[in-house]
Structures are given as C-alpha cells and as structure tokens.
Amino acid sequence: MSGLRPWQELSPGGTIRPTDAEKPKTGSWRTGIKPLADLSKCTNCLLCWLYCPDSAILLEDTTFVGFDDYFCKGCEVCAAVCPVGAIEMVPEETETPAGWVMRSDESGS
Amino acid sequence: MSAFAQETLVGDFSDLKSPLSEEEALVQADLCLQCGGVYATAPCTVACPADVDVPTFIAQIAAGDPGAAALTLFEQNILAASCARVCPVEVLCQASCVMNSQDEAAIEIGRLQRFAADWAYANGVAPRKKAAANGHKVAVIGAGPAGLACAGELAARGYTVTVYDERAEVGGLIRYAIAPFRQHTEPLPAEAVALAGLGVEIKLEAKIDSKKALAEIEKEVEAIFLGIGYGEDVLVKTPGDDLEGVWESLPFIEALKDGNPPQVGRRAAVIGGGNTAMDVAREALRLGAEEVTVLYRRTQAEMPAFYHEYEEALEEGVVFKWLTLPVAFKGENGRLTAVECQPMKLGEPDDSGRRRPEPIEGADFDLPVDTIVKAIGQRPREEFLSLIDGLELEWGRIKINPETGQTTNPKYFAAGDAINGGATAVQAVGGAKVAVAGIEAFVQGEKR
Amino acid sequence: MKEVRWHARAGQGAKTVSQLLAEAGLLAGSSVQAFPEYGPERRGAPMRAYTRISDKAIRRHDPVAAPDIVIVLEPTLVNEMNVAEGLSDDGVVLVDTNELPESLKGVNARAIPALKIAHDHGLKFSNVVMLGAAAAAGGIPLVNIQDAAVKKLGKRLDADSLRAAIAEGYACLA
Amino acid sequence: MAVKTQEGAQLLTGGEAVAYAMAQIDPDVFPVYPITPQTPIIQTFAKLAANGKATTEIVNVESEHSAMSAAIGSAMAGARTMTATSSQGLALMAEVVYIAAGMRAPIVMAVGNRALSAPLNIHCDHSDSMMIRDSGVIQIFAESVQEAYDHAVMAARISEHPDVMLPVLVCQDGFTLTHSEEPLVLTPDEDVKDFVGEYKVPLPLLDTEQVTTKGIFALQDYYTELRYQMNAAMEAAETVIADVFAEYSQLVDRPFSMLEEYELEGAEKVIFLMGSTAGTIKDVVDDLRTEGEKVGLLRLVSYRPFPAEAIRRALEPVKEVIVLDRSDAPGSVPSLHAEMAAALYGSSTKLRAHVFGLGGRELVPAEGRAIFAGEAPTHIGLRS
C-alpha cells in the first residue's frame with residue numbers, strides 16, 4: 001500500500017476536507033455508456049444532482065448544465081431518477097449533439 | 001368508515017383542507033424542488049390552466065415573503081384565493097409534481113396558494129395595480145369565476161368594466177354550488193372588494209331577460225364578455241318529481257350554503273356520477289343522513305367524477321350502487337319514501353364510446369329513501385343565448401375561437417362553463433384570460 | 001455509627017423519611033447516608049430503606065444488616081418477615097402500632113401509636129411521627145429533625161402540625 | 001475523604017448530583033432516553049433545565065440507539081453534547097458507541113451501571129460497561145456521590161481535549177450511588193463554568209468556512225490507521241486525565257487519581273476493584289489493619305484508559321493482589337482479572353480473583369474479610 005499516509009497524518013476520526021481529499025477519477029470507471037440530457041425536456045428539478053453518487057452533475061448557480069466527465073462513472077442513476085425522461089444513457093462514442101451537454105475536465109477541479 | 005367516524009361528520013362543514021400555519025407553510029415550501037428555469041417549464045405550471053408560476057410563488061413563501069408570493073399568484077390568477085380552495089389540485093398541479101415520481105407526497109400547492117392569497121387579503125395587499133383608464137368600456141355578464149377574472153384583468157389594464165349578475169352575491173357556482181366544506185363564501189367578499197378597488201362596477205340582482213335590456217348594454221360598450229355558465233339542472237322527468245324530498249342538485253346546495261340546510265332524513269340517495277354528485281352525497285352525510293347511496297347507471301369506470309373525490313366519498317361512508325337507474329319516486333302523503341330502481345347491464349358502445357347501459361328485465365327493486373337529489377348535470381342557458389344575434393352554439397355550448405375567446409358575434413367573447421359544458425373554476429379563469437387578450441386586440445384594433 | 005433500617009410498603013413514604021433522618025443528621029453535623037432498597041417497583045410491595053449516621057465519613061455501601069434502629073411503618077409486615085433480623089445487641093425496633101404483636105414480644109421493641117398521633121395533628125401519614133421517634137432513638141436533636149422535615153414537606157403539609165407531630169413521636173422515646 | 005467535606009455539604013443522590021454537574025456545564029444538546037437507574041439523572045436535568053438552570057436542548061428520542069446517534073450528529077455539528085444511560089440502554093447503544101468513538105465525538109455520558117438481562121434485573125453490576133470495553137470510549141468509575149459529581153464536572157475537559165476527542169463515560173453504581181443520598185459539596189457555578197470553559201472542537205460540521213466530511217468510509221487502506229489513532233488518543237488521555245484531575249483537585253481541595261492507593265504502605269495483600277464497593281473494603285482494611293493484618297486496597301478509577309504501568313508499579317512490593325470483578329465472563333475470566341494478569345505478567349506478585357456483586361448483591365464487610373483471608377468462593381456469596 002505505497003503512497004498511503006501514516007496514521008499520524010490523518011485527522012482524528014478521518015475527517016476529510018475537500019482540499020485534502022484525493023480526487024479519484026471515477027470517470028474512468030465508465031463501461032461504455034454515458035448520460036446525455038435533452039435540455040428541451042429538462043425542468044431543472046435537480047433530482048439528478050441530488051441523487052448522483054459522485055457529484056458529477058454540473059450546475060451553474062442552480063441551473064443544470066451537464067455532466068462532469070472526470071467524475072461520472074456511468075451508473076445510470078440520473079437517468080433512472082429523471083422524472084421527465086430527459087436523461088438517456090448512450091454509447092460512450094456518441095457525439096454530443098447541440099443541446100446535449102457533456103463536459104470534460106481533466107483536472108477534476 | 002365506522003359508524004362512529006361517520007357520526008363525527010354530522011354538522012361538520014369545516015374545510016376539508018385546513019389552512020396552513022405559517023410554520024407549516026415554510027416547511028412545505030422548503031420541500032419544493034423549484035423546478036423550472038431556462039429549459040422546460042415546471043410541470044406544475046404547465047398543468048395550471050391559469051399558468052400560475054408555481055415554483056416562484058413557493059420560493060417567495062419559503063423566503064418568508066407571502067405578500068410577494070400572493071402578487072405572483074394574482075399576476076396570473078386574480079381569483080387565486082378562491083381557486084386555492086376549489087381547484088382540483090389533485091388532478092392538476094399536484095398531480096404533475098415531481099415529488100410523485102419519488103414516492104413522496106406532492107407539494108401541497110393548493111394549500112400554499114391559499115396561505116399566500118389569504119395572507120395578502122388579511123394584510124391589505126391589493127392583488128393588482130390599477131392602470132390609468134384607457135377609455136374603453138366592456139360589459140361582463142355573469143359574476144362567476146370566468147366573469148370576475150375577466151373583469152379584474154380588464155380593469156387592471158385600464159378598462160371600464162361593469163359586471164351584471166342575476167344573483168344577490170358574486171361567485172357564481174363557487175358561491176352557490178361548490179360544497180361548503182371546500183369553500184363557503186370566504187374569500188369571495190374580499191375578492192369582490194379587490195375588484196371594486198380596481199374600478200370594476202358589479203351590478204347584482206340584474207337579470208338580463210330581454211333583447212331590449214341587452215341592446216342597452218350593447219350600446220354602452222365595445223365588447224361584452226359572457227361568463228354565464230350553465231343554467232339549471234338537466235331536465236329529466238321522473239314520475240314522483242313533485243314529492244317532498246325530491247331535490248335537484250343546485251337548489252339543494254344553494255339552500256345549504258344560504259343557511260337553510262335541507263332536512264335529509266335518515267336515508268338519502270344521489271343520482272349521478274359526477275363531482276357534484278360526490279359533493280351532494282358528502283353533504284348529505286354532514287346533514288345527518290345515516291345512509292347515503294349514490295345511484296349511477298354505469299360503473300365506476302365510466303364515472304366522470306375525479307377518482308380522488310370518489311375515494312374520499314367512499315371513505316366517508318357513501319355507498320355506491322352501480323348500473324342502477326332510478327325510474328320512479330314513490331311516496332306517501334306527498335312525501336318521498338322510496339326510489340324504484342332498474343338494474344342495468346352494459347351493452348354495446350354508444351355514440352360517446354361508452355358502453356350503453358341496458359335494463360335487466362324483472363330485476364327492479366325499491367330503495368327506501370327520505371331524500372333524493374338529482375345531480376345529473378346542468379343544462380345550457382338557451383333562452384338567454386337566444387337573445388344574442390348571430391351567436392352559434394355547439395351541443396348547447398357557445399362556439400368560440402379558442403385563440404381569442406371570440407364568439408361568432410364579434411362583439412361577444414366567452415369563457416367558462418358556457419363554452420366547455422362545465423369544468424373547473426381555474427379553467428374558467430384560464431379561459432377568461434384568453435378572452436381578455438381577444439377583447440384587447442378587438443377593441444384596440446377597432447380604434448386604430 | 002447508627003444504622004437504621006426502615007420497613008414499609010412502597011408508597012408509605014419510607015424513602016422520604018429515611019432521607020429526612022439523614023438530612024437531620026447532616027444538620028446536626030454528622031456524616032450520613034440514605035438509600036432505598038428497591039424490588040420490583042410496585043405500590044404496596046414490602047420495601048426497605050436505610051439510613052446511616054456517623055461521626056466519621058461513611059464509605060461503605062452495603063445494605064444495613066445489623067441495624068441499631070429498625071422502624072416498621074406498616075405493622076402487618078411483622079407477620080410477613082423477621083423485622084428484627086440482625087438487630088444489634090442494644091438495638092430497638094419501633095413499630096407504628098397501638099399494641100405490639102406477639103411475635104415481637106422477645107425483642108426490644110416499642111409500639112408507637114404514630115397513626116393516631118398523625119391523625120390528631122391532621123396528618124394523613126404517620127411516617128413523620130415515626131421519623132420523630134427514630135430521631136430520638138438515634139440521638140438527633142428534635143429541632144434538626146423538625147427543620148429537615150419542614151424544609152422538605154412544608155410546602156405540602158402544615159409546618160406547625162408537622163413540627164408538633166414529630167415532637168410527639170420524638171417524645172415517645174424520651 | 002475526611003469529614004471536612006461536610007462543610008457546606010448537601011444531600012443529593014448520585015443521579016441528582018451528576019445532573020447538577022451537567023446543568024452547571026450547560027451543554028448545548030442532551031439527547032436522551034430514560035432507563036432505570038439512569039432516570040433520576042435525566043429527570044433532575046430536565047427539571048433544572050425547565051427551571052432555567054440550563055439552556056440545553058433536550059432531545060427526547062425514541063431509543064438509546066437514537067440517543068447516541070443524535071449525540072454524534074450534535075457533537076460533530078459543533079455542539080457540546082451529553083447524554084445518559086444504563087444497562088440495556090447501553091446495550092442498544094453499543095453499536096453507535098463504537099461509531100461515536102471512531103468518529104472521535106467528544107460526548108460525555110453519565111452511566112448508572114446496571115446488570116444486563118436475563119434474568120431481568122435493575123440493580124448494579126458492571127456488565128454494561130464491560131460490554132463496550134473495547135469500543136474506544138473512556139470510562140471513569142466513581143466510588144461515592146461526591147466523586148460521581150466531580151467526575152462529571154471534569155469529563156468534558158477530558159473528552160474535548162484535542163489530543164483525546166473521545167466519548168467519556170462517567171460511571172457510577174446503579175442504585176447504590178444513583179439512588180443513594182450522600183452529602184456532597186457542589187462546586188460553585190462560576191468555578192465550574194471557568195473550569196470547563198468554552199466548547200471548541202476542530203472542524204465542526206456547521207463550519208461553512210471549512211467544509212468537511214465526517215463518518216467516512218475506510219477499507220483495508222486506512223481502517224487500521226484510523227482505529228489505531230484511538231490507541232494514541234487513549235495514551236494521551238492518561239496524561240490529560242492526570243492533568244485535569246490535578247487542576248480540579250487544586251480547585252476543590254479533594255484528591256483525585258486514576259488509581260487510588262489505600263493503605264498500600266507495607267501491604268502484603270491488596271484488593272483491586274472499581275466502584276462504590278471500594279468504600280466498604282476501606283472499612284474492612286481499616287479494621288484488619290487495627291488487627292495487625294498487612295492489607296490494602298487499590299481502586300481503579302480510570303477503567304479506560306487502563307493504567308497498566310501504574311498498576312504494576314503500585315503492586316511491585318505487594319505479595320498478592322486480589323482482583324474483584326463486578327461482572328462475569330462465562331467461559332473465561334472477566335476483564336479486570338485478565339487485564340491485571342496482563343499487567344503483572346512477569347512480576348512476582350501473586351494474583352487471585354473473584355466475581356462479586358452481580359445484579360446488586362452488595363459485598364458486605366464479613367465477605368471482605370473472608371476474601372482477604374482466602375476463605376471466599378470464586379463467586380462471592382454464591383449459594384451452592
């Protein structure tokens with residue numbers, strides 16, 4: 001287990017701060033499918049944002065703007081919870097047409 | 001429902017949906033996901049016939065500003081206070097709420113609306129600002145939801161509006177035909193005051209029953225809005241109609257709401273399967289009837305009443321007899337004692353696509369009752385409509401251009417039950433807004 | 001050290017008086033301890049309470065096994081158990097009764113007509129009268145026991161009656 | 001303790017006394033569920049709070065599991081949090097007690113120790129505390145009402161110390177102390193306030209400036225390290241407890257120690273135990289000393305952390321130590337017995353052990369004498 005920190009360097013009880021949490025690139029876990037949103041259907045209820053287990057739903061202020069390529073692991077939860085059927089899982093290689101959002105951020109920040 | 005629970009209903013005409021306290025309203029408002037925004041419109045707003053911006057008014061309540069919430073409501077629905085009580089939110093906004101998809105209860109939009117609108121009236125918030133008079137005059141016939149909404153909208157835009165109604169109080173069916181446990185009279189008086197504040201003149205007990213009377217109004221104004229609704233109950237002659245204890249639904253409810261509650265006796269029956277039949281059945285329970293039976297000639301599947309209304313009636317102890325056609329009322333000494341019923345079976349589909357009920361020969365029976373209320377529907381005001389030149393009807397309904405609310409007589413516009421055959425108050429408001437736009441275009445265009 | 005054991009039925013106020021005796025002891029400058037012995041908590045069930053009063057700090061926490069004073073608030077208990085069990089050589093058993101039962105004839109026991117005294121002073125319960133008697137047996141000054149009782153019960157009971165009833169119970173042993 | 005403690009003393013039960021201490025500290029939140037014999041603690045505390053003595057938010061939860069869960073949330077959020085329980089309540093809480101310790105939640109909990117069912121019993125033994133002995137919580141046992149009160153005042157300081165950050169259980173014997181009235185001197189409100197000080201924990205959840213995640217997931221990679229932290233915290237706690245005891249001792253002029261040595265001078269046989277029975281044994285020791293017997297008592301105050309080194313040092317010159325566990329361990333030996341054996345490993349001090357006091361059967365002086373004399377059965381007072 002190289003690269004892991006010794007007990008002395010861990011905060012009591014394992015409290016994590018955003019700054020000292022490592023950022024595993026869960027986006028690399030996707031197995032061939034990714035979510036895409038049809039914005040014309042999106043009512044911005046943000047259930048996808050509430051449910052996403054990897055905080056991969058991107059917002060600007062309180063408006064849905066897309067998915068975070070770095071974190072989205074393709075779990076399909078967003079598509080399952082979307083009450084208006086605006087999110088669909090598509091093959092990874094699907095091109096992103098206009099009105100469908102997919103954002104990639106290699107830095108993960 | 002147990003006899004005990006049923007007994008507790010007797011005399012209880014309090015609101016089925018209690019008002020929210022300030023704290024409850026805040027909690028409820030905070031639950032709203034605030035759908036809507038830059039993409040698709042929030043489903044609740046889409047579902048609202050009056051286009052109320054639901055997420056915004058709820059956000060304003062959540063932010064602790066019920067006054068602002070009320071103004072958001074009034075912007076689209078000047079009768080927001082009444083509609084909050086009588087809207088079938090279960091099948092409109094609340095049915096479309098995203099929470100339903102989460103196995104959660106829908107946000108209580110109706111009660112939140114009531115909270116904000118009532119707060120506004122209690123705190124002297126005027127629903128709309130009055131624009132400067134624009135010199136145009138419009139008459140509104142009928143002070144029901146369609147007429148009041150039309151009058152208020154026009155007045156707020158600077159029109160000089162006079163409303164005529166044959167009854168002693170405003171509100172139309174809200175006042176006279178909606179069950180008292182939904183809305184008694186409040187907040188109609190406050191809404192009437194608010195309309196008066198916008199300059200609307202309301203002439204009550206002003207029945208227009210001649211071409212001459214109508215011509216006088218026509219002379220005064222540039223357009224006339226018909227918010228006349230439907231008239232009396234559908235005429236269905238049944239042997240024994242003149243017995244004491246036989247009622248038609250509108251006089252029955254009106255008597256109740258006017259403070260002269262009908263004596264229903266121990267057993268009551270209601271004929272019909274619509275929302276009015278459900279209301280009357282539940283009123284009969286509250287008036288002390290121990291057994292209330294709804295007689296409907298088709299089955300539950302064909303009932304026009306909202307399913308939740310049927311369910312609530314069932315829960316309160318109303319008994320339903322399907323495929324049962326009342327054929328005669330029997331009595332002793334001029335007083336109703338029983339209704340003769342003809343059981344039916346469903347045959348081939350009729351013109352309406354519903355399977356036609358056919359009598360089962362020899363199966364007829366007598367159901368002992370003390371009161372029977374016929375709630376089969378209303379009939380069009382054909383007599384009044386015949387006074388207007390060039391007005392075309394379809395199935396007894398006023399024919400309009402759905403884009404403008406304009407009738408086939410260009411000076412006349414219409415909305416509400418008179419054009420849709422009997423629907424909800426909020427649909428009347430929605431239709432009135434269409435007509436207001438139509439009237440504006442009509443009178444402004446004429447001037448130009 | 002004086003060790004006191006109280007016998008009563010749950011609900012007769014034995015715990016209260018066991019604590020009042022301790023309170024009085026404290027007022028008199030002694031070290032004290034008071035604790036009840038609970039069984040299943042049912043009104044009417046026989047229960048015990050204990051009080052220890054000493055010139056030295058009390059450290060032990062075992063129940064009183066060899067009492068110097070036994071107080072029986074409920075005379076019928078005498079027929080159900082040996083209330084004098086473990087009584088120290090110069091110990092005394094005080095019973096709330098008009099006449100001592102046969103079974104206590106060989107024991108250094110005293111009948112205290114506490115219920116009668118309590119009634120004479122308009123009190124419903126005799127426990128405070130027995131408290132007076134216990135204080136006398138334990139050598140605690142009357143005023144201390146009266147003060148302790150009035151401090152705790154004065155809100156519910158008339159202070160003068162309380163003082164008088166306790167004094168009369170105290171006098172039974174004088 | 002000498003009679004001088006009587007000065008300004010008042011009579012309170014152990015339950016009331018601990019509640020007073022807690023009310024004087026005035027914690028922010030007190031989630032709690034009632035259980036005999038802890039009931040007088042929360043009853044008194046609630047009364048004091050209702051009378052304005054404390055401004056605490058008392059949360060009536062639906063079980064002890066919820067009580068400790070709420071306490072963790074509260075403590076993590078940044079509120080000074082206390083609770084109380086007993087016996088089955090602690091058993092129901094046990095799962096969450098481990099979580100509280102693992103999350104390093106500085107919660108103070110008053111415990112009225114009581115036997116565990118079955119058979120159903122409401123009286124004292126230490127089985128409940130033993131059940132969570134390895135959870136990572138600090139457990140301090142009182143001998144008297146006064147000490148239970150004092151421990152309660154000191155517990156917050158120990159629990160909240162940045163090197164410790166562990167729950168502290170202020171244990172007292174159920175009924176024997178919780179329901180026993182003894183004279184005690186309350187520390188003045190202001191002194192308690194000053195002594196305990198402001199509640200400050202690092203990185204509270206409600207600190208929106210420094211956002212944190214607590215109650216994390218840790219697998220093979222970090223679980224060992226994070227659990228090991230508690231060993232370090234317990235080690236630090238030994239120093240912190242000693243310091244806090246010393247500081248408070250200065251304030252109230254009463255001695256405190258993690259390990260009370262009573263008549264160890266020249267003692268050949270020494271009884272080792274925890275809780276209120278120590279007082280009874282002290283009387284026995286005094287009597288036997290008068291009779292010329294070289295006996296003594298070593299009373300364990302801090303069960304966790306277990307001061308093994310100090311125990312070994314104290315017993316160095318002693319020929320025989322007799323461990324009295326107030327809990328049983330069917331199929332093995334109970335905790336104090338086993339841990340004493342470990343502490344003495346390689347030492348020349350002989351070890352003997354008994355189980356006593358189960359379900360409220362108090363040890364009487366005669367039995368104390370028999371124990372010293374080596375004439376007592378393994379389970380004290382057992383009828384056979």
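So that the names make sense, note that chain A is the first sequence line, chain B the second, and so on, each numbered from 1.
- Less than 6.0 angstrom separates the ring centroid of D/Phe256 from the ring centroid of D/Tyr248.
- Taking chain C as the reference chain and counting heavy-atom pairs below 4.5 Å, the highest number among D/Glu181, D/His179, D/Glu362, D/Glu182 is found for D/Glu181.
- More than 12 non-hydrogen atoms from other residues, nucleotides or ligands lie less than 6.0 angstrom from CG of D/Asn51.
- Proximity to chain D is absent for every atom of C/Ala65, based on heavy atoms less than 4.5 angstrom apart.
- Note on C/Asp120 versus C/Lys116: salt bridge recorded, some NZ/NE/NH1/NH2 to OD/OE distance being below 4.0 Å.
- A salt bridge does not link D/Glu265 with D/Arg289: none of the charged nitrogens is closer than 4.0 Å to a carboxylate oxygen.
- In this structure, D/His126 has its ring center under 6.0 Å from that of D/Phe141.
- Only the side chain of D/Leu177 comes within contact range of chain C, with heavy atoms under 4.5 Å apart.
- The most heavy-atom pairs under 4.5 Å with chain C, out of D/Pro37, D/Gly357, D/Ser276, D/Ala278, come from D/Ser276.
- Residue D/Leu363 touches chain C through its backbone alone, counting heavy-atom pairs closer than 4.5 Å.
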